[in-house]
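Within every chain, numbering begins at 1; the chains are lettered A, B, ... in the order of the sequence lines, protein sequences first and strands thereafter.
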Amino acid sequence: MQDRRFPHHLRLTKPGEFSAVFNQGKRGGDRQINVLCRPNGMLHARLGMVIAKKYLRRAIDRNRIKRQIRESFRHNKQTLRGFDMVVLLRSDIRNVSNSLLRDMLKSHWEKAIKICAK
RNA sequence: GAAGUCGGCCAGGCAAUCGCUGGGAGAGCAAUCUCCUGGAGGAAAGUCCGGACUCCAUAGGGCGGGAUGCCAGGUAACGCCUGGGCGAUGUGAGUCGACGGAAAGUGCCACAGAAAAUACACCGCCGAUGGCCGCAAGGCACAGGUAAGGGUGAAAUGGUGCGGUAAGAGCGCACCGCGUCGCUGGCAACAGUCGACGGCACGGAAAACCCCAUCCGGAGCAAGGCCAAAUAGGGAAGCAUUGGUGCGGCCCGCACUGCUUCCGGGUAGGCUGCUUGAGCCAGACAGCGAUGUCUGGCCCAGAGGAAUGAUUGCCCACGACAGAAUCCGGCUUAUCGGCCGACUUCCUUC
RNA sequence: CGGGGCGUAGCGCAGCCUGGUAGCGCACCACCUUGGGGUGGUGGUGGUCGGAGGUUCAAAUCCUCUCGCCCCGA
């Protein structure tokens with residue numbers, strides 16, 4: 001049985017942790033969603049999210065996207081261990097379905113690690 | 001049976017698996033783990049009003065400013081709700097209404113029209129009376145009388161009929177309308193085939209300024225409080241001690257106290273406020289009702305970059321608008337549908 | 001949580017306070033000027049005044065609700 005838990009210490013919370021990833025991380029993903037990645041020297045992965053109100057005006061849309069990202073991270077965190085990840089929303093993806101979003105994120109995780117591992 | 005009106009309620013359900021989180025219990029030095037239990041809405045939204053709470057004075061006085069605006073009641077309070085009145089609308093059940101004052105004052109009403117609020121009357125009508133001519137009928141010009149008719153405009157100073165007159169006119173009368181006073185009913189707004197008086201003096205607009213009545217101190221949970229750490233009363237310049245700050249426009253008043261700028265350095269961590277409340281459910285009583293009182297029972301989100309989710313299967317009416325951030329009472333806006341109750345109109349049958 | 005501003009022709013702006021004609025510049029079209037083009041000159045086309053409702057005889061303008069965009073303070 002894989003460990004699929006997502007406790008609170010696997011999240012980026014402080015401004016300093018975010019700026020470290022933004023300054024030193026590698027950038028992947030596509031035009032709609034950027035995925036930034038940086039080695040953190042730990043045995044587990046950590047996740048941060050930037051969901052701007054500019055692209056998703058309604059709170060319920062922002063909540064849905066964040067839940068989907070967390071869910072995808074929870075299922076893929078074994079392959080991401082040792083990295084800090086920041087997901088940066090770049091466009092209005094209100095109309096993208098949950099299943100499509102899940103496929104997009106899974107490929108983004110894998111690509112980001114390949115770029116970052118070089 | 002069809003169409004419709006009003007009020008209330010619901011907001012996919014069940015199961016399995018993997019997760020997040022508040023509280024309680026247990027294990028462990030600790031990180032953490034296990035079990036039980038709770039976990040978005042009718043609008044959580046817009047932030048348009050009203051409060052509670054906290055600090056400034058206990059929220060004080062005046063000017064200024066703002067809000068409300070038929071009457072009565074409800075409420076912690078309201079711009080909300082209930083009942084009533086008036087007006088509009090619909091066959092009706094019903095629905096809608098910024099619904100005080102224009103004889104306190106100032107200003108406005110384009111164009112057209114004679115005239116837009118003081119009737120100084122354009123085209124007209126008359127010219128009885130007075131003057132002249134004529135025997136007379138009548139004619140002429142002026143003074144003057146007039147608001148019937150025409151035309152303009154969104155709007156033109158009561159309407160219809162009869163009398164009356166030189167022509168006319170509330171000039172007189174009847175009916176309708178209007179105003180003032182009284183009476184009756186009603187707490188009141190207001191109403192009345194009621195009575196008297198007034199011939200009528202009343203254009204619109206107050207979502208123009210304004211007047212009247214009532215209400216409103218300011219800031220907001222990043223309010224405010226506590227703990228820890230750091231700065232440590234550092235250097236320079238300026239202003240002032242009838243000053244500065246709280247305090248939002250000003251004055252008074254009250255409280256505290258030196259203040260501002262630059263240079264240099266440092267912190268922005270934790271706890272609390274934080275959910276038991278004008279609370280919810282049931283029943284009885286008072287009231288037309290909003291609502292209130294009493295009795296019994298219940299505890300029903302509380303995060304902190306921010307939880308309440310995901311996947312799969314089955315069922316059905318195939319699921320709308322949409323996500324708490326100090327908390328309540330409203331209003332407004334968005335919304336796929338479904339259920340219940342009361343009522344109206346039409347059709348059919350008995 | 002609190003406060004402020006904007007929306008008018010394809011673009012950038014006046015007009016709103018104090019209600020009656022929507023105007024200016026660039027752009028566009030036609031003509032003149034030139035051998036041709038540019039420049040210059042003359043004339044012209046083009047606007048549900050963000051949306052809905054109300055007040056008024058009459059609304060871009062006044063009032064209410066609503067949509068979108070931008071900015072500021074804590």
Side-chain angles (χ1 to χ4, degrees):
Chain A
M1 180 63 73
Q2 274 191 335
D3 177 24
R4 285 183 183 152
R5 287 173 303 189
F6 184 48
H8 203 262
H9 68 268
L10 299 187
R11 304 180 188 191
L12 300 179
T13 56
K14 292 178 181 168
E17 296 169 346
F18 273 86
S19 56
V21 177
F22 273 98
N23 292 332
Q24 305 166 21
K26 301 283 173 53
R27 197 171 283 247
D30 58 18
R31 196 175 302 165
Q32 293 180 312
I33 301 170
N34 282 182
V35 177
L36 287 85
C37 179
R38 171 183 174 273
N40 62 3
M42 303 182 186
L43 293 174
H44 54 262
R46 294 194 298 178
L47 174 68
M49 289 178 285
V50 179
I51 311 296
K53 214 179 221 176
K54 186 177 175 183
Y55 301 115
L56 292 175
R57 173 160 290 278
R58 301 186 305 170
I60 188 164
D61 295 324
R62 294 194 298 274
N63 278 347
R64 190 186 124 238
I65 300 301
K66 285 192 277 190
R67 282 165 184 159
Q68 288 297 326
I69 293 169
R70 272 198 288 269
E71 190 67 14
S72 176
F73 178 82
R74 192 167 68 82
H75 284 101
N76 293 288
K77 68 172 186 173
Q78 294 302 323
T79 56
L80 299 172
R81 71 176 73 176
F83 296 100
D84 281 347
M85 312 294 293
V86 170
V87 179
L88 177 62
L89 191 72
R90 301 285 292 177
S91 69
D92 182 1
I93 54 170
R94 210 180 323 174
N95 298 320
V96 177
S97 71
N98 283 358
S99 57
L100 184 59
L101 190 65
R102 221 167 35 244
D103 295 341
M104 287 165 62
L105 285 166
K106 191 174 171 66
S107 67
H108 287 344
W109 296 132
E110 291 163 357
K111 274 193 280 182
I113 288 179
K114 280 183 192 170
I115 294 168
C116 202
K118 281 179 184 172

Exercise. Any strand is fair game: report the nucleotide pairing with B:rA307 by Watson-Crick or G-U wobble, both distances under 3.5 Å, or none.
Key: none
Quiz item: With rounding to whole Å, what would you report as the distance between B:rC331 and B:rU95 at their P atoms?
Solution: 16 Å
Quiz item: Can you tell me how far NZ of A:Lys66 sits from CG of A:Leu47, rounded to the nearest 0.5 angstrom?
Solution: 11.5 Å
Practice problem: Could you let me know what C:rC65 is paired to, Watson-Crick or G-U wobble, both distances under 3.5 Å, or none if it's on its own? | Solution: C:rG51
Exercise. Can you check each nucleotide of nucleotides 38-44 of chain B against protein heavy atoms at under 4.0 Å and return B for base, S for sugar-phosphate only, - for none, in 5' to 3' order?
Key: --B----
Quiz prompt | Candidate pair A:Leu88 and A:Arg27, rule side-chain contact (heavy atoms from CB on, under 4.5 Å), full reasoning | solution = CA-CA 10 Å; A:Leu88 177 62; A:Arg27 197 171 283 247; 4.0 Å; yes
Practice problem: Tell which nucleotide pairs with B:rU242, taking only Watson-Crick or G-U wobble pairs whose two distances are both under 3.5 angstrom. | Solution: none
Quiz item: B:rC49 and B:rU75: how far apart are their C1' atoms, nearest whole angstrom?
Solution: 16 Å
Quiz item: Is the base of B:rU295 syn or anti, if syn means a glycosidic angle within 90° of 0?
Solution: anti
Quiz item: Using the C1' atom in both, what is the distance from B:rG90 to B:rC96, to the nearest Å?
Solution: 11 Å
Quiz item: Can you check side-chain contact (heavy atoms from CB on, under 4.5 Å) on A:Arg5 and A:Leu10, steps first, answer last?
Solution: CA-CA 10 Å; A:Arg5 287 173 303 189; A:Leu10 299 187; over 6 Å; no
Quiz item: For B:rA205, does the glycosidic angle fall within 90° of 0 (syn) or outside that (anti)?
Solution: anti
Quiz item: Can you tell me how far P in C:rU34 sits from the matching atom in C:rG47, rounded to whole Å?
Solution: 36 Å
Quiz item: In whole angstrom, what separates A:Arg70's CZ from B:rU21's C1'?
Solution: 11 Å
Self-check item: Base-pairing assignment for B:rA59 (Watson-Crick or G-U wobble, both under 3.5 Å)
Solution: none
Quiz item: Can you list, by residue number, the residues of residues 79-86 of chain A that have a non-hydrogen atom closer than 4.0 angstrom to RNA chain B?
Solution: none
Quiz item: On a whole-Å scale, what distance lies between the P atoms belonging to B:rU267 and B:rA232?
Solution: 12 Å
Quiz prompt | Chi-angle category of B:rC300 [syn within 90° of 0, anti beyond] | solution = syn
Quiz item: Under a 3.5 Å cut-off for both distances, is B:rA143 Watson-Crick or wobble paired, and to whom?
Solution: B:rU129
Practice problem: Could you tell me whether the phosphate oxygens of B:rA307, OP1 or OP2, come under 4.0 Å of any side-chain nitrogen or oxygen in A:Arg11? | Solution: no
Practice problem: Between B:rU245 and B:rG107, how far apart are the C1' atoms? Round to whole Å, please. | Solution: 46 Å
Practice problem: Could you work out the separation of B:rC190 and B:rG83 based on their C1' atoms and round it to a whole Å? | Solution: 15 Å
Exercise. To the nearest Å, give me how far apart NZ (A:Lys106) and C1' (B:rA310) are.
Key: 15 Å
Quiz item: Mind checking the C1' distance from B:rC316 to B:rA11? Whole angstroms is fine.
Solution: 15 Å
Quiz item: Whom does B:rC200 pair with, Watson-Crick or G-U wobble, provided both distances fall under 3.5 Å?
Solution: B:rG177
Self-check item: Syn/anti state of B:rG24 by chi, 90° boundary around 0
Solution: anti
Quiz item: Hey, which of these two, A:Asn98 or A:Met49, hits RNA chain B nearer its 5' end, going by closest nucleotide?
Solution: A:Met49
Quiz item: Which atom pair, heavy atoms only, marks the closest approach of A:Leu80 to A:Ala45?
Solution: O-CB, 3.2 Å
Quiz prompt | Paired nucleotide for C:rA14 [Watson-Crick or G-U wobble; both distances under 3.5 Å] | solution = none
Exercise. Between A:Leu12 and A:Arg102, just flag the one whose closest nucleotide in RNA chain B comes earlier from the 5' side.
Key: A:Leu12
Quiz item: Can you find an N or O donor on one side and an acceptor on the other, under 3.5 Å apart, linking the side chain of A:Arg74 with the base of B:rC18?
Solution: yes
Quiz item: Given that both distances must come in under 3.5 Å, which nucleotide forms a Watson-Crick or G-U wobble pair with C:rC28?
Solution: C:rG44
Exercise. State, with a plain yes or no, whether a side-chain heavy atom of A:Ile65 is found less than 4.5 Å away from one of A:Met49.
Key: no
